[in-house]
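Contents: one structure, followed by commentary.
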Amino acid sequence: MQILSLIQDRFLQALEGWVEDPAQYVEQVAVARDARFGDYQANIAMPLAKTLGAKPREIAEQIVERLQVEDLCEPATIAGPGFINLKLKLNYLGEQVTHIAADSRLSVGQVTPRKYIIDYSSPNVAKPMHVGHIRTTVIGDALVRILRFLGHQVIADNHLGDWGTQFGMIIYGYKHFVDPAAFETQPVAELGRIYRIVQSVIAYQAAVLKLPQAEQKLALARQRRQQLDAEPNADAKQQKKELKAAERSVKAAEEELEGLRQKVEAVQGDSELRSIAQDHENIEQKAQLETAKLHEGHAENLELWKKFMPISITEIESVYDRLGIRFDYTYGESFYQPMLGGVVERLIERGLAEENEGAICVFLPGFDTPMIVRKRDGAFLYATTDLATIEYRMEKFSPDAMLYVVDHRQSEHFEKLFAAARAMGYRDVELKHISFGTVLGADGKPFKTRSGNVLGLDYLLDEAVERAYEVVCDPARLQKAGLELSEEEKRHVANVVGLGAIKYADLSHNRTSDYKFDIAEMVQLEGDTAAYIQYMYARASSILRKAETEVNAANVERFPVMLQEDAERALALQLLQFEDALRQSVSEYYPSVLAAYLYSLARMFAVFFDQCSVLKADSTPLQQSRLVLCYATRQVLSTGLELLGIDVVERM
RNA sequence: GCCCCCGUAGCUCAGCUGGAUAGAGCAACGGAUUUCUAAUCCGUGGGUCGCAGGUUCGAGUCCUGCCGGGGGUGCCA
């Protein structure tokens with residue numbers, strides 16, 4: 001049920017043969033901004049007034065005269081300068097609610113299928129997953145689910161970082177610091193420990209080298225600021241500007257210095273790390289050497305890589321299992337590695353790439369820096385891998401679209417990548433970077449612990465589930481709600497609510513904005529949260545369980561929907577807009593549109609619940625009508641949440 | 001230097017292709033409970049939509065400049 005496009009079609013018919021290019025005006029038909037105006041509004045008389053050379057209100061009258069919507073709407077009204085307002089008929093609304101309730105697809109039509117490849121999550125193997133992986137994983141998963149539900153063919157591809165420099169670090173660490181017993185019993189934890197050792201020492205050694213320079217930079221910045229203070233410039237505006245700039249560089253230098261000192265302190269304050277740092281000079285280069293050896297096919301390193309891969313992947317998969325996320329393919333970087341030389345050769349052959357300062361570069365119009373596909377030392381880069389990936393995917397899957405769910409910092413990379421792909425001849429495929437903002441901590445800076453470490457994703461999920469348990473399974477609350485749950489059920493509910501809280505907090509924000517990751521807030525379970533929506537689902541389920549009349553998809557036709565109260569009408573209208581919400585959420589790939597729709601639906605159900613008693617309704621037909629509303633709401637809520645990757649429970 | 005993104009209520013954020021009096025949630029205050037699960041509902045207060053111009057019948061939304069914040073910027077991913 002695409003109610004909006006249905007109404008737009010009627011306007012199209014009304015305008016056809018009268019105005020030129022009516023389609024552009026029909027776009028101006030939308031859901032009413034304010035319910036007092038009606039359900040839908042058409043803002044097309046004003047722009048038409050100009051082209052037709054008449055007064056907008058007269059145009060509006062003519063449109064209304066030509067418009068045929070008697071089967072759907074009450075007579076159209078004209079307001080203000082020429083707004084045309086429409087209100088759906090009650091019996092039409094009611095019939096449509098019945099259709100939704102009776103249909104397993106909730107009256108959502110099938111689209112003309114396209115083939116999508118969605119590239120998301122893509123963690124680096126052998127590095128712990130952290131908060132930074134939430135967005136790409138959760139947004140990508142939601143897009144996969146929604147597109148599939150609409151009838152598209154979707155290939156979910158996890159482009160693992162399994163060939164990068166982190167392996168050199170682990171290989172080096174394994175060769176020198178492994179505790180064989182620990183590796184035997186707890187390989188994941190031991191690899192994590194090794195990785196952190198090497199990473200800290202690399203950061204430490206780099207920091208020690210940079211420290212004097214950073215101190216000098218700070219001193220210079222302070223000096224500059226003092227100078228500006230002491231010698232007023234004739235140009236006051238210029239003076240102010242320079243002073244601001246000086247302030248900024250002082251602040252930046254202070255922060256940089258502080259960061260370096262923390263890295264130094266992290267190692268010097270730990271006797272084991274301190275001695276490792278002393279015994280392993282230039283550990284970064286040594287790790288890089290191990291990476292290079294791996295890439296060259298060095299037997300021992302390749303063996304170690306093969307040994308580490310399944311360990312890491314098992315760990316990553318355990319997180320996906322918790323989150324209910326599945327991929328069709330996990331072709332990591334290593335998969336494309338044998339193709340990279342060929343990609344570069346083809347680029348050169350076709351005149352797209354050339355050597356510059358020893359590197360092979362693709363110069364693209366509109367960019368002031370080239371895309372480098374082979375370094376001076378012969379190594380390939382991620383741009384090379386990404387081009388190989390596009391070639392491979394086009395060859396193997398010939399998709400209509402490839403979406404990359406990757407954070408906004410890589411936008412320039414994707415612009416170049418797509419430009420290069422176009423130059424290679426891939427013109428008929430939609431290539432799109434689904435970029436998203438940064439996850440921030442309470443301080444408004446990228447989410448980290450005080451010590452500057454990132455928190456493991458597993459830990460964050462545990463934390464959310466634990467908090468959810470405290471709130472949802474608070475004994476006083478359960479007693480008040482009259483719920484007796486076994487410990488097992490409580491755990492289940494906490495899990496569903498906690499994981500839902502994390503996913504919803506992410507998905508309900510516009511993906512392009514940064515957002516603050518605050519577990520306490522998202523698991524507070526009030527307001528615009530997953531728990532609120534899940535709660536409304538549970539309440540609807542509860543009513544349906546208690547009702548004497550069993551209402552389900554197979555029998556709803558027998559119970560006509562009557563919409564007497566405003567709350568019932570508003571709920572019905574919202575139910576009708578489900579498909580519009582789904583379509584809109586994937587038109588520019590914003591799952592937040594669906595999240596906002598579901599929250600509105602849940603709110604409208606709450607008002608309905610408050611104002612319209614179902615079990616104590618005045619008559620049996622009215623009760624049955626309301627049961628159908630509960631049933632339809634319940635179905636749309638659970639289906640919608642499922643499309644966001646969020647579960648529901650029958651009682652909570 | 002150049003490029004990209006952002007700036008909306010005390011806080012966290014919506015605001016689709018320009019449309020009528022800019023919306024939620026949290027926090028504050030006041031109401032509603034012999035509850036179909038009050039994690040609820042109703043109400044009140046709270047805004048120069050960063051600033052200044054411009055385009056338009058109409059601008060939070062589009063254009064230009066400025067201020068403020070963040071990110072990126074040839075051999076990391």
Side-chain angles (χ1 to χ4, degrees), chain A residues 24 27-28 30-34 36-37 41 43 46-47 49-50 56 79-83 85 122 124 161 164-166 241 244 333 356-361 367-377 379 381-383 385-386 406-413 415 435 437-438 440 444-446 471-472 474 477-478 480-483 497 508-510 512-516 518 521 524-529 531-532 534-536 538-547 584-585 587-588 590 592-593 595-596 599-600 603 606-607 609-617 623 626 630 651-652:
Chain A
Q24 58 166 321
E27 304 250 311
Q28 297 296 319
V31 173
R33 274 290 171 114
D34 190 320
R36 280 171 300 183
F37 302 136
Q41 62 183 49
N43 313 322
M46 289 82 83
K50 203 165 213 178
F83 295 104
N85 293 322
S122 312
N124 282 320
T165 49
Q166 78 273 25
K241 202 168 168 179
K244 277 264 170 62
E333 291 169 336
N356 193 288
E357 296 174 32
I360 307 297
C361 302
F367 294 94
D368 46 10
T369 55
M371 182 165 79
I372 296 175
V373 291
R374 199 173 72 198
K375 298 201 288 185
R376 202 172 1 216
D377 66 7
L381 297 105
Y382 77 134
T385 313
D386 282 351
V406 180
D407 76 272
H408 71 280
R409 287 174 300 188
Q410 293 192 39
S411 57
E412 200 174 335
H413 163 68
E415 281 171 29
S435 82
T438 310
L440 307 173
K445 292 185 177 167
V471 181
V472 183
D474 172 33
R477 187 189 97 75
L478 290 180
K480 208 162 71 175
L483 285 181
V497 172
S508 61
H509 287 96
N510 180 321
T512 58
S513 327
D514 295 346
Y515 80 94
K516 285 194 182 173
D518 185 339
E521 203 158 288
Q524 198 149 33
L525 315 186
E526 283 165 357
D528 188 3
T529 61
Y532 178 92
Q534 290 166 322
Y535 176 57
M536 292 309 153
R539 290 169 110 187
S541 296
S542 174
I543 292 178
L544 290 160
R545 269 198 312 274
K546 288 183 178 170
Q584 202 196 323
S585 75
S587 71
E588 291 296 324
Y590 283 89
S592 55
V593 172
Y599 179 61
S600 288
R603 274 186 67 81
V607 174
F609 184 96
D610 192 65
Q611 293 173 9
C612 307
S613 181
V614 179
L615 299 182
K616 291 175 199 157
Q623 180 186 92
R626 288 178 176 171
C630 288
R651 303 194 302 160
M652 62 187 274

Would A/F83 count as stacked on B/G19 if the rule is ring centres under 5.5 Å and plane angle under 30°? no

Rounded to whole Å, please give me the gap between [atom1] in [X] and [atom2] in [N].
X	N	atom1	atom2	value
A/M536	B/C41	CE	C1'	9 Å
A/M652	B/U37	CE	C1'	10 Å
A/Y599	B/G23	OH	P	16 Å
A/R409	B/G72	CZ	P	6 Å
A/E415	B/C5	CD	P	9 Å
A/D368	B/U73	CG	C1'	8 Å
A/D34	B/A20	CG	C1'	8 Å
A/M46	B/C57	CE	P	13 Å

Examine the base of B/A20 for any acceptor or donor lying under 3.5 Å from a partner atom in the side chain of A/N85, and report the outcome as yes or no.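 Pair found.
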
Can you find an N or O donor on one side and an acceptor on the other, under 3.5 Å apart, linking the side chain of A/E412 with the base of B/C3? no

Using a cut-off of less than 4.0 Å, is there contact between a side-chain N or O of [X] and OP1 or OP2 of [N]?
X	N	answer
A/Y590	B/G15	no
A/S513	B/A14	yes
A/S542	B/U37	yes
A/K616	B/C36	yes
A/K50	B/U56	no
A/N356	B/G74	no
A/R603	B/G25	yes

Ranking A/L615 and A/S508 by the position along RNA chain B of their nearest nucleotide, the one closer to 5' is A/S508

Let's test this: given Watson-Crick or G-U wobble pairing with both distances under 3.5 Å, identify the partner of [N].
N	answer
B/C11	B/G25
B/U37	none
B/G45	none
B/C51	B/G65

Euclidean distance for P, B/C66 against B/U44 (whole angstrom): 43 Å

For the P atoms, the ones on B/C51 and on B/C11, what distance do you get once it is rounded to whole angstrom? 15 Å

Please check if the side chain of A/Q166 supplies one atom and the backbone of A/G161 the other of a donor-acceptor pair under 3.5 Å. yes

Side chains of A/E415 and A/F367: closer than 4.5 Å at any heavy-atom pair? yes

Quick one: are A/V406 and A/S435 in side-chain contact, heavy atoms under 4.5 Å? no

